[in-house]
2 protein chains.
Amino acid sequence: MVCLYFEKNRIVNRYVTYRRKGKPLQTPETAKPRETLHHQRSRETREVILQAAIGCLDEYGYSETTFAKVQTAADVSRGAITHHFPTKQALVAETARLLLENVMRPFERRQANPRTEAEPVHDLIMHSWKRMVASREGRAFVEILVACRTDRVLQDMLRDGLTEFDRRSGASITRLYDGHGPDADDAALLWAIFRSFCRGLIIHQQFVSSPDDIHRLLARFAQIMEKELFVRDPPASENPRT
Amino acid sequence: MVCLYFEKNRIVNRYVTYRRKGKPLQTPETAKPRETLHHQRSRETREVILQAAIGCLDEYGYSETTFAKVQTAADVSRGAITHHFPTKQALVAETARLLLENVMRPFERRQANPRTEAEPVHDLIMHSWKRMVASREGRAFVEILVACRTDRVLQDMLRDGLTEFDRRSGASITRLYDGHGPDADDAALLWAIFRSFCRGLIIHQQFVSSPDDIHRLLARFAQIMEKELFVRDPPASENPRT
DNA sequence: AATATTGCAGACCGTATGGTCTGTTTGTAT
DNA sequence: ATACAAACAGACCATACGGTCTGCAATATT
């Protein structure tokens, strides 16, 4: 026997003490013309939230990355998060975009400065693993990718960005390295193989007894790659001075 | 203004029609001695649930694989599931064990019949990808592995089984193939690299434009492996007759 | 035939989660 | 000075999930 009396939709908000967290946001010495304080603060909060999301994704995985946990990690209010990212997928998609951007930056920088030397293949592999993959960011990214497989909404948000990333990433490698395979874009192919291997390795990592096991796998892979991938000899063609 | 009248903790179970689904379970012609009908039915239900779990993991991913969905997919009652698997982690862990067993079976069979020929490396790679990885089972397994990274309970349930699988899997390969690398167990190392690559490829798969792109990656990888991995020449040593 | 056990059926519950909504404060435009 | 908009702050809610519990029918045992 259940008897409910609800005043549905008539509950009025009670008194609440609102407090704005953080400093009162003094106007900085050089306030850029159209960069208002609103914009600036908004961007800062956004950044804090995204960094917290990366941490949560790494630590808890996609499904356990909740608004509540991000809120705690970022030390912002619930409203701040939902203001910037209306849904969970939007938050994660933006996180992914940030991660991709960070990964691409070094490549683009090298491209802008064409006289920098390409690393030896072995170093390239080892550095890429350490910087891009075996890190908070790399693990968070794998979580996002895996979530995409079964979350249609998230997948639709990210598909274009990711294929674009694949393309640019492959192009950057092809500019500096050359492969032994038949196709002209063999370096890009090898690079895609390397990335897949890395992502699988992240998943595998937790079950090896010692970190050395991972290093052995990686070293062996690098050894193989050294036979297939080469630093492109002639940096000529375009910009041939010096 | 809220007014609740609950008969808390005094709600007595009402009349319920219990219906046992499935056939009335006639005694089969050859009832094994200690294999009672109870055991048989129990195993059947268990199998149905596990298969449904595999399907859900593939289709929805780990976190969206709920008791409710498994229940629907298996067409069993909620009670049946919780009876066999008290927690979600237990269900998934058992699913993982089943998957590992299925993957190992062909290897063990070959081991039991030592005169079967080893496949060429290229075929080994292609077959393994198709059978073990690019399938409902393979995708479900990747979901489980990824979930393990951040789910401590699940991880503890599976760690031993997975390291054991790695060991046996590597040993099986080493028995049939030999690697070019310095170490004696180089074939096992290469095989571990292949598996990580495959898992990464599953994640990558969703973002390629055509299935052909995956095939190119795989073919290139197989081509590389053909230079590193060889069918072991002498099938002698043990069992040297014929 | 009587009793015990196994294998299941499904109601129930506390909790957490994604999302919405209203209110407030701070900065901006007029 | 005043009106307006942006950027939060946090209460609120429907829903669904994992897990527990009681009940019952089919087998098994004695």
Side-chain angles (χ1 to χ4, degrees), chain A residues 2 6-27 31 34-46 48-49 60 63-71 74-92 151 153, chain B residues 2 6-27 31 33-46 48-49 60 63-71 74-92 153:
Chain A
V2 176
F6 269 114
E7 267 200 28
K8 219 169 176 183
N9 294 332
R10 298 214 319 111
I11 299 171
V12 186
N13 271 16
R14 316 165 213 172
Y15 176 75
V16 165
T17 55
Y18 288 89
R19 67 207 160 82
R20 169 67 53 93
K21 293 189 181 177
K23 61 243 166 160
L25 188 53
Q26 303 297 340
T27 157
R34 277 277 64 80
E35 176 74 358
T36 70
L37 293 178
H38 268 158
H39 292 161
Q40 181 179 325
R41 176 174 250 289
S42 182
R43 272 227 317 274
E44 280 175 19
T45 311
R46 212 182 127 89
V48 168
I49 294 172
Y60 306 115
S63 73
E64 298 293 314
T65 293
T66 65
F67 281 134
K69 289 207 184 92
V70 173
Q71 176 182 352
D75 192 33
V76 299
S77 74
R78 181 67 189 279
I81 298 178
T82 50
H83 175 70
H84 286 279
F85 311 100
T87 68
K88 182 177 171 180
Q89 283 99 339
L91 169 60
V92 174
D151 188 326
V153 179
Chain B
V2 177
F6 269 115
E7 269 200 28
K8 217 170 177 184
N9 294 334
R10 299 217 312 113
I11 299 172
V12 187
N13 272 15
R14 318 167 212 169
Y15 176 75
V16 166
T17 55
Y18 287 89
R19 66 208 160 81
R20 168 67 53 94
K21 295 191 180 176
K23 61 247 167 159
L25 189 54
Q26 302 297 340
T27 157
R34 277 276 63 77
E35 177 72 358
T36 70
L37 293 179
H38 267 157
H39 291 162
Q40 180 180 323
R41 176 173 249 290
S42 182
R43 273 226 317 272
E44 280 175 17
T45 311
R46 212 182 125 89
V48 168
I49 294 171
Y60 307 115
S63 71
E64 297 292 315
T65 293
T66 65
F67 281 134
K69 289 208 185 90
V70 173
Q71 175 182 352
D75 192 33
V76 298
S77 74
R78 181 67 188 277
I81 298 178
T82 51
H83 175 70
H84 286 280
F85 311 100
T87 69
K88 182 178 172 179
Q89 283 98 340
L91 168 59
V92 174
V153 179

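When reading the values below, keep in mind they use all heavy atoms of this one structure, side chains included, and skip hydrogens, waters and symmetry mates. Chain letters run A, B, ... following the sequence lines, proteins first and then strands; every chain starts at 1.
- For the pair A:Arg41 and D:dC8, the criterion of a side-chain N or O lying under 4.0 Å from OP1 or OP2 is met.
- Between B:Ser42 and C:dG7 there is a side-chain polar atom (N or O) within less than 4.0 angstrom of OP1 or OP2.
- One atom, CD of B:Gln71, and another, P of D:dG18, lie 11 Å apart when rounded to the nearest Å.
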Pull out every protein N or O sitting under 3.5 Å from an N or O of nucleotides 1-5 of chain C, one pair per line with the distance.
none

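- Distances shown here put a side-chain N or O of B:Thr45 below 4.0 Å from the OP1 or OP2 atom of C:dC8.
- Under the side-chain contact (heavy atoms from CB on, under 4.5 Å) criterion, B:Ser42 pairs with B:His84, sequence neighbours left out.
- The stretch residues 83-90 of chain B touches DNA chain C through B:His83, B:His84, each having a heavy atom under 4.0 angstrom from the strand.
- Partners of A:Gln71 under the side-chain hydrogen bond (donor to acceptor under 3.5 Å, both in side chains) rule, at least two apart in sequence or in another chain, do not exist in this structure.
- Distance CZ (A:Arg46) to C1' (D:dA6): 15 Å, rounded to an integer number of Å.
- For A:Arg78, the salt bridge (Lys or Arg N to Asp or Glu O under 4.0 Å) test picks out no residue, with sequence neighbours left out.
- Atoms CG (B:Leu37) and C1' (D:dA25) sit 14 Å apart, rounded to a whole Å.
- For B:His83, there are no side-chain contact (heavy atoms from CB on, under 4.5 Å) partners two or more places apart in sequence or in a different chain.
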